[in-house]
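Treat the numbers as computed from the prediction; the structure is a model and nothing was measured. Quick note on labels: first sequence line is chain A, next is B, and so on, each numbered from 1.
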4 protein chains.
Amino acid sequence: MIEIERAVMFYDTDAGGVVSNIAYLRFVEDARTVLLNTLGFPLAEIAARREFPAVLRTEIDYRKPAVLGDVIRVTARVEEVGRLRFWCGFELSRLSGGDVLATCRQRVAFLRMPEGGVLPVPESIRAEGA
Amino acid sequence: MIEIERAVMFYDTDAGGVVSNIAYLRFVEDARTVLLNTLGFPLAEIAARREFPAVLRTEIDYRKPAVLGDVIRVTARVEEVGRLRFWCGFELSRLSGGDVLATCRQRVAFLRMPEGGVLPVPESIRAEGA
Amino acid sequence: MIEIERAVMFYDTDAGGVVSNIAYLRFVEDARTVLLNTLGFPLAEIAARREFPAVLRTEIDYRKPAVLGDVIRVTARVEEVGRLRFWCGFELSRLSGGDVLATCRQRVAFLRMPEGGVLPVPESIRAEGA
Amino acid sequence: MIEIERAVMFYDTDAGGVVSNIAYLRFVEDARTVLLNTLGFPLAEIAARREFPAVLRTEIDYRKPAVLGDVIRVTARVEEVGRLRFWCGFELSRLSGGDVLATCRQRVAFLRMPEGGVLPVPESIRAEGA
(Lines give C-alpha, C1' and ligand atoms only; values in the text may rest on other atoms or scores of the structure.)
Protein backbone atom coordinates (compact mmCIF):
# COMPACT_ATOMS: atom_id res chain seq x y z
CA MET A 1 0.00 0.00 0.00
CA ILE A 2 1.14 3.52 -0.76
CA GLU A 3 -0.30 6.84 0.28
CA ILE A 4 -0.08 10.37 -1.04
CA GLU A 5 -1.48 13.74 -0.01
CA ARG A 6 -2.98 16.33 -2.30
CA ALA A 7 -4.14 19.84 -1.37
CA VAL A 8 -7.40 20.84 -3.05
CA MET A 9 -6.78 23.52 -5.69
CA PHE A 10 -9.24 26.03 -7.16
CA TYR A 11 -9.33 24.10 -10.43
CA ASP A 12 -10.45 20.98 -8.53
CA THR A 13 -13.61 22.70 -7.28
CA ASP A 14 -16.81 23.65 -9.06
CA ALA A 15 -19.56 26.24 -8.66
CA GLY A 16 -21.26 24.01 -6.07
CA GLY A 17 -18.34 25.01 -3.81
CA VAL A 18 -16.97 21.46 -3.56
CA VAL A 19 -14.43 19.30 -5.37
CA SER A 20 -15.81 18.17 -8.75
CA ASN A 21 -16.55 14.46 -9.13
CA ILE A 22 -14.10 14.37 -12.04
CA ALA A 23 -11.21 15.88 -10.06
CA TYR A 24 -11.19 12.90 -7.69
CA LEU A 25 -10.15 10.73 -10.62
CA ARG A 26 -6.98 12.79 -10.96
CA PHE A 27 -6.17 12.14 -7.30
CA VAL A 28 -6.80 8.44 -7.93
CA GLU A 29 -4.51 8.49 -10.97
CA ASP A 30 -1.79 10.24 -8.95
CA ALA A 31 -1.99 7.46 -6.36
CA ARG A 32 -2.10 4.66 -8.96
CA THR A 33 0.97 6.16 -10.61
CA VAL A 34 2.89 6.17 -7.32
CA LEU A 35 1.70 2.61 -6.59
CA LEU A 36 2.92 1.32 -9.96
CA ASN A 37 6.17 3.23 -9.62
CA THR A 38 6.75 1.49 -6.28
CA LEU A 39 6.10 -1.88 -7.94
CA GLY A 40 8.70 -1.26 -10.63
CA PHE A 41 6.84 0.65 -13.33
CA PRO A 42 7.98 4.28 -13.41
CA LEU A 43 6.27 6.44 -16.04
CA ALA A 44 9.48 7.06 -17.98
CA GLU A 45 9.91 3.32 -18.55
CA ILE A 46 6.26 2.80 -19.34
CA ALA A 47 6.51 5.42 -22.04
CA ALA A 48 9.80 4.08 -23.39
CA ARG A 49 8.53 0.48 -23.63
CA ARG A 50 5.10 1.57 -24.89
CA GLU A 51 3.55 -0.85 -22.37
CA PHE A 52 0.86 1.21 -20.68
CA PRO A 53 -1.34 0.43 -17.68
CA ALA A 54 -4.88 1.00 -19.00
CA VAL A 55 -7.95 1.45 -16.84
CA LEU A 56 -10.65 -1.04 -17.92
CA ARG A 57 -13.25 -0.13 -15.32
CA THR A 58 -13.67 2.47 -12.58
CA GLU A 59 -16.11 2.31 -9.67
CA ILE A 60 -16.14 5.31 -7.37
CA ASP A 61 -18.43 6.18 -4.46
CA TYR A 62 -18.59 9.78 -3.33
CA ARG A 63 -19.32 9.90 0.39
CA LYS A 64 -18.59 13.40 1.66
CA PRO A 65 -17.62 16.58 -0.20
CA ALA A 66 -14.10 18.02 -0.09
CA VAL A 67 -13.66 21.78 -0.15
CA LEU A 68 -10.97 24.44 -0.66
CA GLY A 69 -8.46 24.19 2.15
CA ASP A 70 -8.76 20.42 2.53
CA VAL A 71 -5.77 18.14 2.10
CA ILE A 72 -6.83 14.76 0.76
CA ARG A 73 -4.97 11.59 1.75
CA VAL A 74 -5.19 8.90 -0.91
CA THR A 75 -4.21 5.30 -0.26
CA ALA A 76 -3.78 2.80 -3.09
CA ARG A 77 -3.17 -0.93 -3.07
CA VAL A 78 -3.34 -3.94 -5.36
CA GLU A 79 -6.46 -5.85 -4.33
CA GLU A 80 -6.95 -8.80 -6.67
CA VAL A 81 -4.78 -10.12 -9.45
CA GLY A 82 -5.72 -12.31 -12.39
CA ARG A 83 -3.54 -13.43 -15.25
CA LEU A 84 -4.30 -10.44 -17.51
CA ARG A 85 -6.01 -7.91 -15.24
CA PHE A 86 -5.80 -6.65 -11.69
CA TRP A 87 -7.84 -4.47 -9.36
CA CYS A 88 -6.46 -1.50 -7.48
CA GLY A 89 -8.34 -0.14 -4.46
CA PHE A 90 -8.28 3.47 -3.30
CA GLU A 91 -9.52 5.37 -0.28
CA LEU A 92 -9.67 9.17 -0.22
CA SER A 93 -9.96 10.78 3.20
CA ARG A 94 -9.67 14.27 4.66
CA LEU A 95 -6.28 14.58 6.31
CA SER A 96 -7.76 16.68 9.10
CA GLY A 97 -10.24 14.52 10.99
CA GLY A 98 -9.94 11.47 8.78
CA ASP A 99 -13.43 11.47 7.23
CA VAL A 100 -13.63 9.14 4.25
CA LEU A 101 -14.53 11.25 1.21
CA ALA A 102 -14.59 8.58 -1.49
CA THR A 103 -13.69 4.97 -2.16
CA CYS A 104 -12.71 3.70 -5.58
CA ARG A 105 -11.70 0.53 -7.42
CA GLN A 106 -10.11 0.31 -10.85
CA ARG A 107 -9.51 -2.76 -12.99
CA VAL A 108 -6.25 -2.34 -14.89
CA ALA A 109 -4.40 -4.21 -17.64
CA PHE A 110 -1.05 -3.58 -19.27
CA LEU A 111 -1.48 -2.94 -22.99
CA ARG A 112 1.19 -2.75 -25.67
CA MET A 113 0.47 0.50 -27.52
CA PRO A 114 -0.48 1.45 -30.12
CA GLU A 115 -1.39 -2.15 -31.11
CA GLY A 116 -3.49 -2.62 -27.97
CA GLY A 117 -2.40 -6.20 -27.21
CA VAL A 118 -2.92 -7.27 -23.58
CA LEU A 119 0.20 -8.30 -21.65
CA PRO A 120 0.26 -10.69 -18.68
CA VAL A 121 0.17 -8.99 -15.29
CA PRO A 122 3.82 -8.50 -14.29
CA GLU A 123 5.24 -10.66 -11.50
CA SER A 124 5.80 -7.81 -9.01
CA ILE A 125 2.11 -6.96 -9.16
CA ARG A 126 1.05 -10.64 -8.91
CA ALA A 127 3.16 -10.93 -5.77
CA GLU A 128 1.43 -7.90 -4.27
CA GLY A 129 -2.04 -9.34 -4.84
CA ALA A 130 -1.23 -12.76 -3.40
CA MET B 1 -33.09 9.62 -23.96
CA ILE B 2 -30.89 12.34 -25.32
CA GLU B 3 -27.75 12.17 -27.41
CA ILE B 4 -24.85 14.49 -28.07
CA GLU B 5 -21.72 14.35 -30.20
CA ARG B 6 -18.26 15.43 -29.13
CA ALA B 7 -15.14 15.60 -31.30
CA VAL B 8 -12.02 14.35 -29.54
CA MET B 9 -9.67 17.24 -28.78
CA PHE B 10 -5.91 17.17 -28.13
CA TYR B 11 -6.49 17.84 -24.45
CA ASP B 12 -8.69 14.72 -24.24
CA THR B 13 -5.84 12.45 -25.31
CA ASP B 14 -2.76 11.26 -23.44
CA ALA B 15 0.74 10.09 -24.32
CA GLY B 16 -0.63 6.59 -24.97
CA GLY B 17 -2.16 8.16 -28.10
CA VAL B 18 -5.74 7.54 -26.94
CA VAL B 19 -8.42 9.44 -25.03
CA SER B 20 -7.59 9.55 -21.30
CA ASN B 21 -9.90 7.57 -19.01
CA ILE B 22 -10.67 10.81 -17.17
CA ALA B 23 -11.73 12.71 -20.30
CA TYR B 24 -14.65 10.29 -20.85
CA LEU B 25 -16.16 11.58 -17.62
CA ARG B 26 -16.36 15.05 -19.14
CA PHE B 27 -18.28 13.62 -22.11
CA VAL B 28 -20.58 11.85 -19.62
CA GLU B 29 -21.11 15.10 -17.71
CA ASP B 30 -21.91 16.94 -20.93
CA ALA B 31 -24.57 14.35 -21.70
CA ARG B 32 -25.98 14.33 -18.15
CA THR B 33 -26.24 18.13 -18.29
CA VAL B 34 -28.20 18.00 -21.54
CA LEU B 35 -30.41 15.20 -20.13
CA LEU B 36 -31.24 17.21 -16.99
CA ASN B 37 -31.79 20.33 -19.05
CA THR B 38 -34.33 18.43 -21.15
CA LEU B 39 -36.09 17.29 -17.98
CA GLY B 40 -36.46 20.85 -16.69
CA PHE B 41 -33.20 21.53 -14.88
CA PRO B 42 -31.09 24.00 -16.86
CA LEU B 43 -27.75 24.89 -15.27
CA ALA B 44 -28.68 28.55 -14.77
CA GLU B 45 -31.65 27.56 -12.59
CA ILE B 46 -29.67 24.92 -10.73
CA ALA B 47 -27.11 27.55 -9.81
CA ALA B 48 -29.75 30.15 -8.89
CA ARG B 49 -31.68 27.73 -6.62
CA ARG B 50 -28.49 26.20 -5.19
CA GLU B 51 -30.06 22.76 -5.74
CA PHE B 52 -27.34 20.77 -7.44
CA PRO B 53 -27.42 17.32 -9.01
CA ALA B 54 -24.55 15.50 -7.26
CA VAL B 55 -22.94 12.30 -8.50
CA LEU B 56 -22.97 9.70 -5.69
CA ARG B 57 -21.40 6.82 -7.63
CA THR B 58 -19.88 6.30 -11.07
CA GLU B 59 -19.30 2.96 -12.80
CA ILE B 60 -17.58 3.11 -16.17
CA ASP B 61 -16.32 0.33 -18.43
CA TYR B 62 -13.78 1.21 -21.06
CA ARG B 63 -14.21 -1.10 -24.05
CA LYS B 64 -12.28 0.36 -26.97
CA PRO B 65 -9.98 3.35 -27.21
CA ALA B 66 -10.97 6.60 -28.92
CA VAL B 67 -8.34 8.57 -30.81
CA LEU B 68 -7.77 12.00 -32.36
CA GLY B 69 -10.18 12.47 -35.24
CA ASP B 70 -12.98 10.44 -33.65
CA VAL B 71 -16.36 11.95 -32.97
CA ILE B 72 -17.98 10.34 -29.94
CA ARG B 73 -21.75 9.92 -29.72
CA VAL B 74 -22.99 9.89 -26.13
CA THR B 75 -26.49 8.79 -25.19
CA ALA B 76 -27.93 9.42 -21.74
CA ARG B 77 -31.14 8.26 -20.12
CA VAL B 78 -32.75 7.95 -16.70
CA GLU B 79 -32.63 4.26 -15.82
CA GLU B 80 -33.98 3.74 -12.32
CA VAL B 81 -35.57 6.19 -9.90
CA GLY B 82 -35.92 5.96 -6.14
CA ARG B 83 -37.32 8.54 -3.78
CA LEU B 84 -33.99 10.32 -3.14
CA ARG B 85 -31.65 8.97 -5.81
CA PHE B 86 -31.73 7.97 -9.44
CA TRP B 87 -29.48 6.23 -11.91
CA CYS B 88 -28.49 7.64 -15.29
CA GLY B 89 -27.11 5.34 -17.98
CA PHE B 90 -24.69 6.36 -20.72
CA GLU B 91 -23.29 4.76 -23.84
CA LEU B 92 -20.32 6.26 -25.69
CA SER B 93 -19.80 5.07 -29.25
CA ARG B 94 -17.68 6.09 -32.23
CA LEU B 95 -19.88 8.00 -34.65
CA SER B 96 -18.11 6.43 -37.61
CA GLY B 97 -18.79 2.69 -37.51
CA GLY B 98 -20.72 2.69 -34.24
CA ASP B 99 -18.24 0.77 -32.05
CA VAL B 100 -19.15 1.05 -28.39
CA LEU B 101 -16.21 2.74 -26.62
CA ALA B 102 -17.52 2.86 -23.06
CA THR B 103 -20.64 2.33 -20.99
CA CYS B 104 -21.31 4.18 -17.78
CA ARG B 105 -23.86 4.48 -14.96
CA GLN B 106 -24.08 7.26 -12.40
CA ARG B 107 -26.22 7.45 -9.28
CA VAL B 108 -27.34 11.02 -8.74
CA ALA B 109 -29.16 12.97 -6.01
CA PHE B 110 -30.23 16.58 -5.82
CA LEU B 111 -28.52 18.34 -2.90
CA ARG B 112 -29.25 21.74 -1.45
CA MET B 113 -25.87 23.49 -1.28
CA PRO B 114 -23.92 24.44 0.69
CA GLU B 115 -25.86 22.66 3.48
CA GLY B 116 -25.79 19.33 1.63
CA GLY B 117 -29.38 18.27 2.43
CA VAL B 118 -30.82 15.65 0.07
CA LEU B 119 -33.95 16.66 -1.86
CA PRO B 120 -36.59 14.26 -3.21
CA VAL B 121 -36.12 13.28 -6.84
CA PRO B 122 -38.17 15.79 -8.87
CA GLU B 123 -41.37 14.61 -10.53
CA SER B 124 -40.18 15.06 -14.13
CA ILE B 125 -37.30 12.66 -13.45
CA ARG B 126 -39.54 10.16 -11.62
CA ALA B 127 -41.83 10.13 -14.65
CA GLU B 128 -38.87 9.37 -16.91
CA GLY B 129 -37.79 6.37 -14.85
CA ALA B 130 -41.26 4.89 -14.60
CA MET C 1 -12.59 33.37 -39.30
CA ILE C 2 -14.56 30.60 -37.67
CA GLU C 3 -16.81 30.63 -34.67
CA ILE C 4 -18.04 28.03 -32.23
CA GLU C 5 -20.36 28.03 -29.23
CA ARG C 6 -19.76 26.24 -25.95
CA ALA C 7 -22.16 25.95 -23.02
CA VAL C 8 -20.44 26.35 -19.65
CA MET C 9 -20.36 23.03 -17.79
CA PHE C 10 -19.98 22.39 -14.05
CA TYR C 11 -16.43 21.19 -14.55
CA ASP C 12 -15.57 24.54 -16.18
CA THR C 13 -16.46 26.47 -13.02
CA ASP C 14 -14.66 26.79 -9.70
CA ALA C 15 -15.61 27.53 -6.11
CA GLY C 16 -15.58 31.26 -6.88
CA GLY C 17 -18.79 30.53 -8.83
CA VAL C 18 -17.28 31.50 -12.18
CA VAL C 19 -15.51 29.78 -15.06
CA SER C 20 -11.93 28.90 -14.09
CA ASN C 21 -9.17 30.80 -15.89
CA ILE C 22 -7.82 27.47 -17.12
CA ALA C 23 -11.13 26.33 -18.65
CA TYR C 24 -11.05 29.23 -21.12
CA LEU C 25 -7.96 27.68 -22.67
CA ARG C 26 -10.00 24.59 -23.54
CA PHE C 27 -12.53 26.80 -25.32
CA VAL C 28 -9.64 28.45 -27.16
CA GLU C 29 -8.23 25.07 -28.15
CA ASP C 30 -11.64 23.94 -29.40
CA ALA C 31 -11.78 27.02 -31.62
CA ARG C 32 -8.19 26.66 -32.84
CA THR C 33 -8.90 23.05 -33.74
CA VAL C 34 -11.93 24.05 -35.82
CA LEU C 35 -9.92 26.86 -37.44
CA LEU C 36 -7.10 24.52 -38.46
CA ASN C 37 -9.58 21.92 -39.63
CA THR C 38 -11.15 24.54 -41.89
CA LEU C 39 -7.71 25.39 -43.28
CA GLY C 40 -6.99 21.77 -44.21
CA PHE C 41 -5.57 20.26 -41.01
CA PRO C 42 -8.07 17.86 -39.46
CA LEU C 43 -6.90 16.19 -36.24
CA ALA C 44 -6.93 12.70 -37.75
CA GLU C 45 -4.40 13.77 -40.41
CA ILE C 46 -2.31 15.70 -37.92
CA ALA C 47 -2.01 12.57 -35.80
CA ALA C 48 -1.31 10.31 -38.79
CA ARG C 49 1.43 12.57 -40.18
CA ARG C 50 2.84 13.32 -36.70
CA GLU C 51 2.99 17.01 -37.69
CA PHE C 52 1.42 18.79 -34.75
CA PRO C 53 0.44 22.44 -34.31
CA ALA C 54 2.22 23.44 -31.10
CA VAL C 55 1.41 26.51 -29.04
CA LEU C 56 4.59 28.56 -28.49
CA ARG C 57 3.02 31.42 -26.54
CA THR C 58 -0.39 32.28 -25.12
CA GLU C 59 -1.59 35.72 -24.06
CA ILE C 60 -5.07 35.88 -22.57
CA ASP C 61 -6.94 38.76 -20.95
CA TYR C 62 -9.87 37.95 -18.71
CA ARG C 63 -12.40 40.79 -18.90
CA LYS C 64 -15.68 39.57 -17.38
CA PRO C 65 -16.58 36.32 -15.63
CA ALA C 66 -18.68 33.61 -17.26
CA VAL C 67 -21.05 31.58 -15.10
CA LEU C 68 -23.18 28.43 -15.21
CA GLY C 69 -25.91 28.86 -17.79
CA ASP C 70 -23.80 31.01 -20.11
CA VAL C 71 -23.11 29.98 -23.68
CA ILE C 72 -19.75 31.28 -24.85
CA ARG C 73 -19.18 32.26 -28.47
CA VAL C 74 -15.54 31.88 -29.51
CA THR C 75 -14.18 33.34 -32.73
CA ALA C 76 -10.78 32.36 -34.09
CA ARG C 77 -8.75 33.72 -36.96
CA VAL C 78 -5.21 33.71 -38.33
CA GLU C 79 -3.77 37.13 -37.54
CA GLU C 80 -0.13 37.24 -38.62
CA VAL C 81 1.97 34.71 -40.48
CA GLY C 82 5.73 34.34 -40.61
CA ARG C 83 7.77 31.66 -42.33
CA LEU C 84 7.87 29.30 -39.33
CA ARG C 85 5.27 30.67 -36.92
CA PHE C 86 1.86 32.29 -37.01
CA TRP C 87 -0.48 34.04 -34.58
CA CYS C 88 -4.10 33.09 -34.03
CA GLY C 89 -6.48 35.57 -32.40
CA PHE C 90 -9.52 34.65 -30.33
CA GLU C 91 -12.44 36.51 -28.83
CA LEU C 92 -14.73 34.91 -26.25
CA SER C 93 -18.09 36.59 -25.70
CA ARG C 94 -21.34 35.76 -23.95
CA LEU C 95 -23.86 34.68 -26.56
CA SER C 96 -26.66 36.40 -24.69
CA GLY C 97 -25.90 40.14 -24.71
CA GLY C 98 -22.55 39.90 -26.44
CA ASP C 99 -20.28 40.99 -23.58
CA VAL C 100 -16.64 40.25 -24.34
CA LEU C 101 -15.40 37.83 -21.66
CA ALA C 102 -11.82 37.31 -22.79
CA THR C 103 -9.46 37.97 -25.66
CA CYS C 104 -6.54 35.72 -26.48
CA ARG C 105 -3.62 35.36 -28.90
CA GLN C 106 -1.53 32.25 -29.48
CA ARG C 107 1.67 31.87 -31.48
CA VAL C 108 1.72 28.50 -33.17
CA ALA C 109 4.21 26.43 -35.15
CA PHE C 110 3.92 23.06 -36.82
CA LEU C 111 6.38 20.58 -35.30
CA ARG C 112 7.31 17.14 -36.54
CA MET C 113 6.95 14.89 -33.48
CA PRO C 114 8.56 13.32 -31.63
CA GLU C 115 11.74 14.85 -33.11
CA GLY C 116 10.46 18.40 -32.58
CA GLY C 117 11.70 19.87 -35.87
CA VAL C 118 9.91 23.05 -36.96
CA LEU C 119 8.09 22.89 -40.29
CA PRO C 120 7.36 25.88 -42.54
CA VAL C 121 3.90 27.40 -42.08
CA PRO C 122 1.65 25.63 -44.61
CA GLU C 123 0.45 27.58 -47.65
CA SER C 124 -3.26 27.58 -46.72
CA ILE C 125 -2.42 29.33 -43.46
CA ARG C 126 -0.05 31.78 -45.15
CA ALA C 127 -2.86 32.71 -47.54
CA GLU C 128 -5.18 33.35 -44.60
CA GLY C 129 -2.77 35.73 -42.92
CA ALA C 130 -2.04 37.73 -46.04
CA MET D 1 9.99 33.27 -3.93
CA ILE D 2 8.60 29.80 -3.45
CA GLU D 3 9.20 26.63 -5.41
CA ILE D 4 7.31 23.40 -5.86
CA GLU D 5 7.91 20.17 -7.77
CA ARG D 6 5.33 18.30 -9.80
CA ALA D 7 5.78 14.92 -11.49
CA VAL D 8 4.21 14.76 -14.96
CA MET D 9 1.14 12.50 -14.93
CA PHE D 10 -0.53 10.71 -17.84
CA TYR D 11 -3.42 13.16 -17.75
CA ASP D 12 -0.96 16.04 -18.25
CA THR D 13 0.23 14.66 -21.59
CA ASP D 14 -1.45 14.56 -24.99
CA ALA D 15 -1.26 12.43 -28.10
CA GLY D 16 1.77 14.42 -29.27
CA GLY D 17 3.62 12.58 -26.47
CA VAL D 18 4.32 15.78 -24.52
CA VAL D 19 2.70 17.79 -21.73
CA SER D 20 -0.33 19.67 -23.04
CA ASN D 21 -0.05 23.46 -23.16
CA ILE D 22 -3.08 23.67 -20.86
CA ALA D 23 -1.60 21.38 -18.18
CA TYR D 24 1.21 23.89 -17.54
CA LEU D 25 -1.40 26.33 -16.28
CA ARG D 26 -2.32 23.86 -13.53
CA PHE D 27 1.33 23.74 -12.46
CA VAL D 28 1.35 27.55 -12.47
CA GLU D 29 -1.80 27.65 -10.36
CA ASP D 30 -0.32 25.17 -7.89
CA ALA D 31 2.69 27.46 -7.49
CA ARG D 32 0.60 30.64 -7.23
CA THR D 33 -1.51 28.98 -4.53
CA VAL D 34 1.57 28.10 -2.51
CA LEU D 35 2.97 31.62 -3.03
CA LEU D 36 -0.23 33.27 -1.78
CA ASN D 37 -0.45 30.81 1.11
CA THR D 38 3.06 31.84 2.12
CA LEU D 39 2.04 35.50 1.99
CA GLY D 40 -0.91 34.95 4.32
CA PHE D 41 -3.73 33.85 2.01
CA PRO D 42 -4.48 30.17 2.54
CA LEU D 43 -7.29 28.78 0.35
CA ALA D 44 -9.54 27.99 3.31
CA GLU D 45 -9.54 31.65 4.36
CA ILE D 46 -9.95 32.89 0.82
CA ALA D 47 -13.06 30.75 0.47
CA ALA D 48 -14.42 31.76 3.90
CA ARG D 49 -13.96 35.50 3.23
CA ARG D 50 -15.12 35.21 -0.40
CA GLU D 51 -12.14 37.38 -1.39
CA PHE D 52 -10.63 35.54 -4.29
CA PRO D 53 -7.37 36.14 -6.17
CA ALA D 54 -8.49 36.36 -9.82
CA VAL D 55 -6.20 36.07 -12.81
CA LEU D 56 -6.66 39.09 -15.09
CA ARG D 57 -4.04 38.19 -17.70
CA THR D 58 -1.74 35.27 -18.41
CA GLU D 59 1.33 35.32 -20.66
CA ILE D 60 3.12 32.01 -21.09
CA ASP D 61 6.02 31.03 -23.35
CA TYR D 62 6.55 27.36 -24.07
CA ARG D 63 10.25 26.73 -24.63
CA LYS D 64 10.86 22.98 -24.47
CA PRO D 65 8.47 20.05 -24.13
CA ALA D 66 8.08 18.07 -20.92
CA VAL D 67 7.38 14.35 -21.14
CA LEU D 68 6.26 11.42 -18.97
CA GLY D 69 8.87 10.77 -16.32
CA ASP D 70 9.86 14.42 -15.94
CA VAL D 71 9.60 16.23 -12.64
CA ILE D 72 8.89 19.92 -13.17
CA ARG D 73 10.23 22.53 -10.76
CA VAL D 74 8.07 25.64 -10.64
CA THR D 75 9.21 28.86 -9.01
CA ALA D 76 6.80 31.70 -8.27
CA ARG D 77 7.39 35.23 -7.06
CA VAL D 78 5.63 38.57 -6.80
CA GLU D 79 7.18 40.76 -9.51
CA GLU D 80 5.39 44.11 -9.59
CA VAL D 81 2.70 45.54 -7.36
CA GLY D 82 0.21 48.32 -8.05
CA ARG D 83 -2.59 49.54 -5.83
CA LEU D 84 -5.23 47.15 -7.22
CA ARG D 85 -3.27 44.59 -9.23
CA PHE D 86 0.01 42.73 -9.06
CA TRP D 87 2.11 40.52 -11.33
CA CYS D 88 3.38 37.08 -10.40
CA GLY D 89 6.26 35.54 -12.34
CA PHE D 90 6.83 31.82 -12.84
CA GLU D 91 9.58 29.65 -14.26
CA LEU D 92 9.05 25.99 -15.04
CA SER D 93 12.17 23.88 -15.45
CA ARG D 94 13.01 20.19 -15.70
CA LEU D 95 14.35 19.05 -12.33
CA SER D 96 16.85 16.76 -14.01
CA GLY D 97 19.25 18.94 -15.98
CA GLY D 98 17.53 22.23 -15.29
CA ASP D 99 16.28 23.06 -18.80
CA VAL D 100 13.76 25.89 -18.74
CA LEU D 101 10.48 24.51 -20.12
CA ALA D 102 8.26 27.55 -19.84
CA THR D 103 8.11 31.04 -18.38
CA CYS D 104 4.88 32.70 -17.35
CA ARG D 105 3.50 35.94 -15.91
CA GLN D 106 0.04 36.49 -14.46
CA ARG D 107 -1.61 39.74 -13.44
CA VAL D 108 -3.79 39.14 -10.40
CA ALA D 109 -6.35 41.12 -8.38
CA PHE D 110 -8.30 40.26 -5.28
CA LEU D 111 -12.03 40.34 -5.99
CA ARG D 112 -14.91 40.17 -3.54
CA MET D 113 -17.20 37.46 -4.90
CA PRO D 114 -19.85 37.13 -6.12
CA GLU D 115 -20.16 40.94 -6.46
CA GLY D 116 -16.84 41.21 -8.28
CA GLY D 117 -15.60 44.38 -6.55
CA VAL D 118 -11.82 44.90 -6.72
CA LEU D 119 -9.99 45.04 -3.38
CA PRO D 120 -6.69 46.86 -2.75
CA VAL D 121 -3.62 44.65 -2.96
CA PRO D 122 -2.98 43.40 0.58
CA GLU D 123 0.00 44.77 2.47
CA SER D 124 1.96 41.49 2.68
CA ILE D 125 1.95 41.30 -1.12
CA ARG D 126 2.86 45.00 -1.51
CA ALA D 127 5.84 44.39 0.78
CA GLU D 128 6.95 41.48 -1.39
CA GLY D 129 6.91 43.53 -4.58
CA ALA D 130 8.82 46.43 -3.08
Side-chain angles (χ1 to χ4, degrees), chain C residues 11-30 32-33 43-68 85 88 90 99 101-118, chain D residues 11-30 32-33 43-68 85 88 90 99 101-118:
Chain C
Y11 56 73
D12 295 319
T13 61
D14 68 25
V18 299
V19 171
S20 156
N21 72 86
I22 298 176
Y24 287 83
L25 275 306
R26 284 207 310 274
F27 301 141
V28 165
E29 183 160 324
D30 290 354
R32 194 179 68 245
T33 300
L43 286 180
E45 275 189 36
I46 284 170
R49 290 188 201 160
R50 307 289 301 167
E51 295 179 2
F52 291 94
V55 176
L56 305 178
R57 177 178 170 86
T58 295
E59 300 169 2
I60 182 165
D61 287 286
Y62 298 99
R63 300 182 186 281
K64 286 174 188 267
V67 297
L68 277 184
R85 289 178 272 271
C88 299
F90 307 90
D99 278 354
L101 304 172
T103 51
C104 179
R105 296 176 74 216
Q106 291 187 318
R107 188 156 47 186
V108 178
F110 277 84
L111 304 186
R112 187 180 303 277
M113 300 294 287
E115 305 84 352
V118 182
Chain D
Y11 56 72
D12 295 320
T13 61
D14 69 24
V18 300
V19 172
S20 156
N21 72 87
I22 298 175
Y24 288 82
L25 276 306
R26 283 208 310 275
F27 302 142
V28 164
E29 184 161 323
D30 290 354
R32 193 178 69 244
T33 300
L43 286 181
E45 275 189 34
I46 284 170
R49 290 187 199 160
R50 307 289 301 167
E51 295 178 3
F52 292 93
V55 177
L56 306 178
R57 177 178 169 85
T58 295
E59 300 169 2
I60 181 164
D61 288 287
Y62 298 99
R63 299 181 187 283
K64 285 173 187 271
V67 297
L68 277 184
R85 288 178 272 272
C88 298
F90 307 89
D99 278 354
L101 304 171
T103 51
C104 179
R105 298 174 73 217
Q106 292 187 317
R107 187 156 48 184
V108 178
F110 277 84
L111 304 186
R112 188 180 302 276
M113 299 295 288
E115 307 84 352
V118 181

| task | Determine the option with the most heavy-atom pairs under 4.5 angstrom with chain D, choosing from G17(C), C104(C), G16(C), A54(C). | result |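 Ranked by contacts with chain D, first place is G16(C).
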| Does any heavy atom of chain C fall under 4.5 Å from the side chain of V28(D), the backbone, both, or neither of them? |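 V28(D) has no heavy atom closer than 4.5 Å to chain C.
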| message | If I measure from the heavy atoms of chain D, does D61(C) come under 4.5 Å with its side chain, its backbone, both, or neither? | response |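 Contact with chain D: backbone and side chain both.
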| query | Can you pull out the residues in residues 45-52 of chain C with any heavy atom less than 4.5 Å from chain D? | reply |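 Checking residues 45-52 of chain C against chain D gives R50(C), F52(C).
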| field | Salt bridge flag under 4.0 Å for residues E29(D) and R26(D) | value |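 The answer is no: the pair does not qualify as a salt bridge.
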How close do [X] and [Y] get, heavy atom to heavy atom, and via which atoms?
X      : Y       : result
P53(D) : V108(D) : CB-CG1, 4.0 Å
V67(C) : V19(C)  : N-CG2, 4.4 Å
D12(C) : A23(C)  : O-CB, 3.6 Å

| said: Counting heavy-atom pairs closer than 4.5 Å to chain C, which one of L25(D), V18(D), V55(D) comes out on top? | reply: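 Option with the greatest count: V55(D).
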| Roughly how far, to the nearest 0.5 Å, is CD1 of I60(D) from CD of E59(C)? |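 Between E59(C) CD and I60(D) CD1, I get 12.0 Å after rounding to 0.5 Å.
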| query | Roughly how far, to the nearest 0.5 Å, is OG1 of T58(D) from CZ of R107(D)? | reply |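 Between atom CZ of R107(D) and atom OG1 of T58(D) there are 10.5 Å.
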| Considering residues, nucleotides and ligands other than R85(D), do more than 12 of their heavy atoms fall under 6.0 Å from its CZ? |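 For R85(D), atom CZ is not crowded (no more than 12 foreign heavy atoms under 6.0 Å).
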| query | Who pairs with D99(D) by side chain to side chain contact (heavy atoms under 4.5 Å, CB included), at least two apart in sequence or on another chain? | reply |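 D99(D) satisfies side chain to side chain contact (heavy atoms under 4.5 Å, CB included) with K64(D), R94(D) only.
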